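Have a look at the structure below before the remarks.
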Amino acid sequence: MTLHEDAVARYFTAWNATGPEDLAKSVAAAFTEDGTYTDPLGAAAGHDGIAAAITAAQQAFPGFTFRLTGTPDAHHHLVRFTWDLVSTADGSSPAAGFDVITLADDGRIAGVAGFLDRLPGV
């Protein structure tokens with residue numbers, strides 16, 4: 001697995017974490033201490049802020065997981081990839097988008113720019 005693929009895998013592990021302890025560990029593994037996440041719905045910074053954003057998304061969509069779609073495209077310290085939010089019950093996918101992550105020298109995520117391609121009710 002490349003540095004880029006590993007970072008994307010840790011990113012999805014964080015977004016799909018279950019329970020506060022698992023979430024805290026996976027966010028710390030995926031993001032630098034001062035990492036940032038920004039999408040059209042909001043912005044978060046630091047491990048606590050990013051964990052809170054993930055928790056809010058999980059509460060808004062209980063029973064859903066984020067899944068990588070396609071193959072990540074990467075160069076230097078940048079990676080872009082697409083994702084779907086998928087129901088574990090019926091496979092429906094009310095939301096989809098793509099993210100661009102910037103990696104720090106240690107391979108963790110320094111920043112995320114998220115873009116939403118599909119949202120429920122929009």
Side-chain angles (χ1 to χ4, degrees):
M1 184 176 292
T2 69
L3 175 74
H4 300 104
E5 293 167 333
D6 185 52
V8 171
R10 285 183 281 114
Y11 180 73
F12 280 97
T13 297
W15 277 95
N16 293 318
T18 56
E21 187 176 312
D22 184 34
L23 178 59
K25 283 197 272 189
S26 59
V27 166
F31 290 87
T32 60
E33 289 79 4
D34 59 350
T36 60
Y37 176 87
T38 307
D39 71 19
L41 302 177
H47 289 171
D48 290 343
I50 293 167
I54 291 170
T55 298
Q58 290 174 343
Q59 290 173 344
F61 295 97
F64 286 79
T65 60
F66 287 91
R67 294 189 189 160
L68 176 67
T69 59
T71 303
D73 183 26
H75 65 83
H76 297 86
H77 282 76
L78 298 171
V79 187
R80 70 176 176 168
F81 53 89
T82 56
W83 53 265
D84 282 339
L85 181 64
V86 179
S87 169
T88 57
D90 65 12
S92 63
S93 177
F98 80 91
D99 293 349
V100 177
I101 60 176
T102 302
L103 301 181
D105 289 337
D106 68 359
R108 290 186 298 162
I109 299 167
V112 177
F115 297 84
L116 304 172
D117 296 327
R118 181 176 67 244
L119 284 175
V122 176

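Treat the numbers as computed from the prediction; the structure is a model and nothing was measured.
In terms of heavy-atom proximity, Gly114 sits nearest to Pro40 at O-CD, 3.3 Å. Nearest heavy atoms, Ala44 versus Gly49: CB-O, 3.4 Å. In plain terms, the two heavy atoms of Gly107 and Leu3 that are nearest each other are CA-CD1, 3.6 Å.
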Kindly determine whether Trp83 and Trp15 satisfy side chain to side chain contact (heavy atoms under 4.5 Å, CB included), including the steps that lead there. CA-CA 11 Å; Trp83 53 265; Trp15 277 95; over 6 Å; no
Run the ring-ring contact (aromatic ring centres under 6.0 Å, His included) check on Phe66 and Phe61 step by step: do they pass? CA-CA 10 Å; Phe66 287 91; Phe61 295 97; 7.9 Å; no
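Checking Thr82 against Thr69 by side-chain atom types alone, a donor-acceptor pair falls below 3.5 Å. Using a 3.5 Å distance cut-off with no hydrogens or angles, the side chains of Arg67 and Ser93 do not pair a donor with an acceptor. Donor-acceptor pairing under 3.5 Å is lacking for the side chains of Asp99 and Tyr37.
Side-chain atoms of Glu5 come within 3.5 Å of backbone N or O of Thr2 as a donor-acceptor pair. Here the side chain of Asp84 pairs no donor or acceptor atom with the backbone of Val86 at under 3.5 angstrom. Side-chain atoms of Arg10 come within 3.5 Å of backbone atoms of Ala29 as a donor-acceptor pair (strictly under, hydrogens ignored).
Atom OG1 of residue Thr13 and atom CG of residue Asp22 lie 8.5 Å apart, to the nearest 0.5 angstrom. Atom NE2 in His77 sits 7.5 Å away from atom NE2 in His4 (nearest 0.5 Å). Distance check: Leu23 CG to His47 NE2 gives 11.0 Å after rounding to the nearest 0.5 Å. From Thr36, atom OG1 reaches atom CD1 of Ile50 across 6.5 Å, with rounding to the nearest 0.5 Å.
Side-chain contact between Tyr11 and Phe81 is present, with heavy atoms from C-beta onward closer than 4.5 Å. Under the 4.5 Å side-chain criterion, counting only non-hydrogen atoms from C-beta, Phe31 is in contact with Val112. You'll find the side chain of Ser92 reaches within 4.5 Å of the side chain of Phe64, heavy atoms only. Contact check for Thr65 versus Leu85: no side-chain heavy atoms found under the 4.5 Å cut-off.
Taking a 6.0 Å sphere around CG of Asp117, one finds it holds more than 12 heavy atoms contributed by other residues, nucleotides or ligands. In the displayed structure, Asp106 atom CG is contacted under 6.0 Å by more than 12 heavy atoms of other residues, nucleotides or ligands.
Using cut-offs of 30° and 60° on the angle between ring planes, the pair Phe98 and Phe115 is parallel.
Hydrophobic clustering (side-chain heavy atoms under 4.5 Å, transitive across Ile, Leu, Val, Met, Phe, Trp, Tyr) groups Leu116 together with Leu68.
Among Val79, Thr32, Ile101, the single residue meeting the side-chain contact (heavy atoms from CB on, under 4.5 Å) criterion with Ile109 is Ile101.
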